[in-house]
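Here's the structure, in structure tokens; my notes come after.
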Amino acid sequence: MLDRFNMLRVEVREIGNYIMFDLGVSERLVQTSSLQSDLNALDKGTFTIAVVAPFSTGKSTFINALMGTNLLSMAVTAETAVVTRVCYGDRPRFRVEYEGGAIEEIPRRGQEMDLPEMKAALRAITTVRNKKPAGINQSGTVCRFPADDCMTENEDVAEVAVEWDIGMLQGGVQIVDTPGLFSRHAVHNNITRRVLPEAHAVIFLVEPTKVGESHFTDEIRHYVQEAKHSSLDEKSRHIFFLINRLDECYDSYRDLKDELRETLSEILPNPRIMGVSSYFALMARRFRRREVTLEDLQRDRHLIMPDPDASQYHISGRLLEGRHVPLLEERSNICEVEQVLGRYLENRGLYMIENTIDSARALCMKAVEEIDMQEQAAHEMMARTREEYGKEIKEARGHIKQLEAKLGNRVERIVLEGIRGNGPESAMIRALDLIEQRKGEMNEIVKKAFKDAWHKRRGRITEGNAKKLIKEVSFEGERAAQNVLKQTIREVHLSIEEDVKDVMKVVRSEFELGKVDYDEIMGQLGLHPEALPVDLNAATKRIQVHIESQFKESIKDVAGEIQRTVDEVAEDSTTMVRKPGLWNWLKDLFGCGEYITTMDKDEFRKKLGKCVDGFEKEYIGYLVSVLGQNTSFIQNSIVAIADEALGQVQKLVSFEITNGNRLLGELEDRLQLELHSSEEIIRKQKETRHSVADALERLNVLHDKVSKVRNEAA
């Protein structure tokens, strides 16, 4: 059987390690599971029995009864603040393990301590009344510490192991004395909760007067449930209930047992319930060990039992004789309790394997629950991801559609109507109206320029300098006309610039209404947010150069006409007269007289003045005709400006659409990536679930093997 047990232990260790480290179970579940401690205990062969009870129920008295001596403190106050383990040892001693890992043995080798000294040392170490552990001085006696009413957990001592010669504890069995339940110190309940998960068996001591109380019932169910889950023995064979102080409730024991069974019926199908009088057993065994005398027993008012010779009477005090002491032990039922525990411990190795299997099953089942929760969470995450991204994608597509269908059309209409439209507020109409308004001003300016130039020169005009002076007059007129043209074109430029700026403000507003950051787009394109979408200076320069070139061509004809007019006026103002002198007079009689040319200067100036008025009108006429002839060119230039502005605006819209499509693509890619990630999680979870199912099947097969070995051993 030992060989088969060792083989089973190897199989359990193998599958346990697989479940903890290779199956993919979360570290959190592994850490909260008792599987690791069960495997360690299985390797060490350590079997732990936890004794749990409300404080002052007689828990320490029960353990003392098993030990046969009064070592553990039995004070009615809740004192135990550290875990105390009782295990087998060839000589009485206890080992103190500190938080830092140091171990102190009391008494040390070569030292002797009697029972009262050991008891005092143990109490000093385990009590909540001292923050520091007890120690042994050089003489081997216990160091005393000042009393401290601050009931806090001992921060230095991890646990205490008491070694005692108890046959039932041979082979690695240990009894754990936990702090009392329901005490006013929260630390007690915390320590007990830490111990329960590692226990292979649990003994609950029940106060007979508490059975049936609602508070006790609720609390004991809670702790039983924790104990049940600690080992997860499906039949709960590892849980024992001892109704303590049997000596006080012997007559009502059966009713108490039935009531407790009813209390536990919801969580335990067949609870193991026994009665015990821990105090009777302890005192009987101490008497046998000669720790107390018969006189001590006779003075003990708690020792009252039926007279074996006359059951209707009770004996105590001086009536208690030495022959009655074995009856105290028999009456305590401690031997039956030890026999039941002994039979349970005979198969402790198999129970430890079963406990380990059950812990592994529990871990697997929790892993399945966690996988189900994670898979559900992954599905919910996928649904939320689809919903969230779907909303963003829908908004992105709607934004792009709005850009394409609405914003682009609106800004195109704004640009075209605002710059080259037929409305009174368009740049083109305003520019043409401005030119029309300036025609009258051109007439006066050019007229004045000619008159001023003629007035300065007419008094000194002669036949010899007439052409030169008239040319100077025409130059002054031409310069005035050119200045008028330049000023007009400048004003047209300013008018168009103002209108384009107004149009772009409206365009910017449309972008903002469409939730498009105009400034950001301009920045991304390397443009200043306030920059106009067209080079108006260049456009105006083209208009000016074109009109001036045409004006100069027209002026050439006017200049030639001026020169011809001066010649004609000079000719009209010139007459042929006979050269003075008698001789010439005689010669003229014969048709041979000499004549000379003479000019009527007043007539010449008068006629030139009229010509200058004509030149003025011609200049004004040419100027107006040049503007009129170039109206279509100006219109075409403004159309080009509008088209260039429209191209820039459309570029902005197109850029935003491109960005929108890029962002839409990124959203769709992220959606697919996250969905793929969730799908991958679900796939891995399914793989882990299959692996867990395989592990559970292996555990079931292993459990069947253990049952077969137990049946064969029986």
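Keep in mind that what you see is a predicted model, and the values were worked out from it rather than measured. Values below: all heavy atoms of this structure, side chains included; hydrogens, waters and symmetry mates excluded.
- Although no hydrogens or angles enter the test, the distance criterion places no donor-acceptor pair under 3.5 Å between the side chain of E97 and the main chain of E159.
- Taking OG1 of T385 as the start and CD of E380 as the end, the distance is 11.5 Å to the nearest 0.5 Å.
- Looking at S509, its side chain does come within 3.5 Å of a backbone N or O of K505 through a donor-acceptor pair.
- Annotation: the span from K210 atom NZ to I243 atom CD1 amounts to 15.0 Å, rounded to 0.5 Å.
- A ring-centre distance under 6.0 Å is found for F240 and Y344.
- Between F204 and F241, the ring-plane angle classifies as parallel under the 30° and 60° cut-offs.
- In this structure, D358 and R361 have side chains that are in contact, with non-hydrogen atoms separated by less than 4.5 Å.
- For the pair S359 (side chain) and N355 (backbone), a donor-acceptor distance under 3.5 Å is present.
- When all heavy atoms are compared, the tightest approach of M522 to H528 is CE-O, 3.1 Å.
- Counted by atom type alone, N17 and R13 present one or more donor-acceptor pairs between their side chains at under 3.5 Å.
- Counting all heavy atoms, side chain and backbone alike, E259 lies closest to V211 at OE2-O, 3.7 Å.
- At a threshold of 4.5 Å between non-hydrogen side-chain atoms, the residues E338 and L66 count as touching.
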Checklist entry - Which is it for T658 and R662 under the side-chain contact (heavy atoms from CB on, under 4.5 Å) test, yes or no, and what are the steps along the way? => result CA-CA 6 Å; T658 302; R662 177 179 57 78; 5.6 Å; no
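- Listed here is the closest heavy atom pair of V649 and M504: CG2-CE, 3.8 Å.
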Item to check | Full working for side-chain contact (heavy atoms from CB on, under 4.5 Å) between D38 and M352 | outcome: CA-CA 7 Å; D38 286 341; M352 291 174 69; over 6 Å; no
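- Between the S33 side chain and the L29 main chain, no donor and acceptor come within less than 3.5 Å of each other.
- Panel note: side chain N64, backbone L72; a donor-acceptor pair is recorded below 3.5 Å.
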Next on the checklist: As a quick check of understanding, evaluate side-chain contact (heavy atoms from CB on, under 4.5 Å) for T48 and V173, giving each step before the final call.
Outcome noted: CA-CA 6 Å; T48 302; V173 179; over 6 Å; no
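- The two residues V340 and M274 have their closest heavy-atom pair at CG2-SD, 3.6 Å.
- Geometric assessment of R85 against the ring of F94 yields a negative cation-pi assignment under the 6.0 Å and 45° thresholds.
- Side-chain N/O atoms of E163 and Y88 include no donor and acceptor closer than 3.5 Å.
- In E666, the CD atom is crowded: over 12 heavy atoms of neighbouring residues, nucleotides or ligands sit closer than 6.0 Å.
- The two residues I239 and R272 come nearest to each other via the heavy atoms O-CB, 3.9 Å.
- Closest of all the heavy-atom pairs between L363 and V30 is CD1-N, 4.2 Å.
- If you run salt bridge (Lys or Arg N to Asp or Glu O under 4.0 Å) between E687 and each of R689, R683, K684, only R683 comes through.
- In this structure, R670 and L667 have side chains that are in contact, with non-hydrogen atoms separated by less than 4.5 Å.
- Side-chain atoms of N659 and Q524 include a donor-acceptor pair closer than 3.5 Å.
- Residue R95 places its CZ atom among 12 or fewer non-hydrogen atoms of other residues, nucleotides or ligands, all under 6.0 Å distant.
- We find that E370 and R28 are joined by a salt bridge, their nearest charged nitrogen and carboxylate oxygen being less than 4.0 Å apart.
- S677 places no side-chain N or O within donor-acceptor distance of the main-chain N or O of L673, the cut-off being under 3.5 Å.
- Under a 4.0 Å N-O distance rule, the pair E668/R397 qualifies as a salt bridge.
- Annotation: the span from I15 atom CD1 to C364 atom SG amounts to 7.0 Å, rounded to 0.5 Å.
- Salt bridge D519/R508: present, at least one basic N to carboxylate O contact under 4.0 Å.
- Looking only at atom types and distance, the side chain of N40 has a donor-acceptor partner in the side chain of Q36 under 3.5 Å away.
- Shown here is M381, whose CE atom has no more than 12 heavy atoms of other residues, nucleotides or ligands within 6.0 Å.
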Next on the checklist: Applying side-chain contact (heavy atoms from CB on, under 4.5 Å) to L35 and M20, what does each step give before you reach the verdict?
Outcome noted: CA-CA 8 Å; L35 180 56; M20 288 191 299; 3.6 Å; yes
